[in-house]
Number of protein chains: 2
Amino acid sequence: MYSLAEENYLKTIYHLEQESKTGVSTNAIAERMETKPSSVTDMVQKLADKKMISYKKYKGSTLTVHGKKMAANVIRKHRLWEVFLVDKLKFHWDEVHEIAEQLEHIQSEELIVRLDKYLGNPDFDPHGDPIPDKDGKVKSTEKKLLSELNKKQRGVCIGVKETGSEFLQYLDKRNITIGTKINVLGKEFFDGSMIIQVGKDQFFISKKIAENLYVQTN
Amino acid sequence: MYSLAEENYLKTIYHLEQESKTGVSTNAIAERMETKPSSVTDMVQKLADKKMISYKKYKGSTLTVHGKKMAANVIRKHRLWEVFLVDKLKFHWDEVHEIAEQLEHIQSEELIVRLDKYLGNPDFDPHGDPIPDKDGKVKSTEKKLLSELNKKQRGVCIGVKETGSEFLQYLDKRNITIGTKINVLGKEFFDGSMIIQVGKDQFFISKKIAENLYVQTN
DNA sequence: CTACATTTTTAGTTTAAACTAAAATTAATT
DNA sequence: AATTAATTTTAGTTTAAACTAAAAATGTAG
Ligand SMILES: [Mn+2]
Ligand SMILES: [Mn+2]
Ligand SMILES: [Mn+2]
Ligand SMILES: [Mn+2]
């Protein structure tokens, strides 16, 4: 059994590893978790003792196979609960993260087996993020940032990078959600801004918006 | 915001208060929570500082209005989650308590409002226990222990006192569940044992069984 | 290569929640 | 009423997880 704190560290290290493809620095963990580097050092040493990560002083941390599986399982639970909250309880997609942060720590294998089945074995959470399977494997999908598209290209929104309320509500206001078809009508090379078409509407978006929306082309 | 430990203490004191109708002793709390009396003293002093209970040295504890509401809310969450686990996830009634012990501590007003609605605003949990409303009020029902009935009396099972797996599985084996009609065919005054009829079957039960089944006799 | 800056670790504290052992209070028996 | 027993509290420790301040290691610029 692992503590709430340990689970949160593993999850954070997992995410940071994905992003950087390299070992994770103590400072990076501290920043992400809004804690102090000295606290992180304590914890990574503990996790290393437990063989969840490999760690060499001053050299950063990487998850072991065991630790990675553990982390993926926490993320699996988080995302399944988010599906539950949105699909069943009709929460809005910008309201579920904080609650899932708590629910992800509930300990019961059987609960997750049943929840998964009850939700129809979903592959993605409400933000388009893939749900790891029982063994921690994730289906990787061909996804691009909207900002990578050029004029006249089309894509289907399959997820978001940024998941804060402000951004998700911005998307809602413009009727963009998972599955929405987006057509790039114009792109300004100077600042990366775009004119896009969504349904019958067409409007301007900044580079910052385009860099936080994942689309599938083809 | 209250800690998990504080919530568990409040819940325990609430239950003990119900049972004894009087102030709750430090030892009683310690025994119920499987902890040491000295630990309980520490915590009740802390809860008293926070005005959740009233406490005088050596005199035991009673919940304040505020503490009682708090405790009832934790119990509300526990029982709503139990309904979810049984009604939606198809858990068996003897499997849900431990999971609900964890889920009861999830902090989100809105989550409970929605869960309650999703479950159809249930009044009772899978063991027949009443679910407190948002204000901590509980519908008190006229319930008796099966052991209080005499020969030729009939009752409908509306709940259980003991909720351990062994007992619940015993009931299942004999097709007794919430709503089951029970007919007392005979009662032995020497040891309190009974012969009862359930559907077409009739069989012997000990006093211990009869003392842990609640019935309604209309 | 040296000097300064940044990152990381160590050492020592703090807080919550448990514990043991001993002291204090209350209850029960002779 | 005095003694013994049971209950409850106090005092002092322990552990997990945070913190601050200072030391050590690593990285960067001149
Ligand atoms: Mn999330
Ligand atoms: Mn978390
Ligand atoms: Mn229960
Ligand atoms: Mn609990």
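Residue numbering restarts at 1 for every chain, and letters A, B, ... go by the order of the sequence lines. What you are looking at is a predicted structure, and each value in this text was computed from that prediction instead of being measured.
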Interatomic distance, B:Leu47 CG vs C:dA16 C1' [rounded to whole Å]: 13 Å
Under 4.0 Å between a side-chain nitrogen and a carboxylate oxygen: does that hold for A:Glu109 and A:Lys134? no
Contact state string [nucleotides 3-12 of chain D, B base, S sugar-phosphate only, - no protein heavy atom under 4.0 Å]: ----SBBB--
Over-ring placement of A:Arg114 relative to B:Phe91, 6.0 Å and 45° cut-offs: yes
In whole angstrom, what separates B:Glu6's CD from C:dT15's C1'? 12 Å
Step through it carefully: locate the ring centre of A:His97, locate the ring centre of A:His127, and say whether they are under 6.0 Å apart. no
Please examine the side chains of B:Leu213 and B:Leu145, heavy atoms only from C-beta on, and report whether any two atoms are closer than 4.5 Å. no
Side chain of A:Lys36 only, please: which of D:dA18, C:dA18, D:dC19 is the nearest? D:dC19
Aromatic A:Phe167 / basic A:Lys208 pairing, under 6.0 angstrom, 45° off normal: no
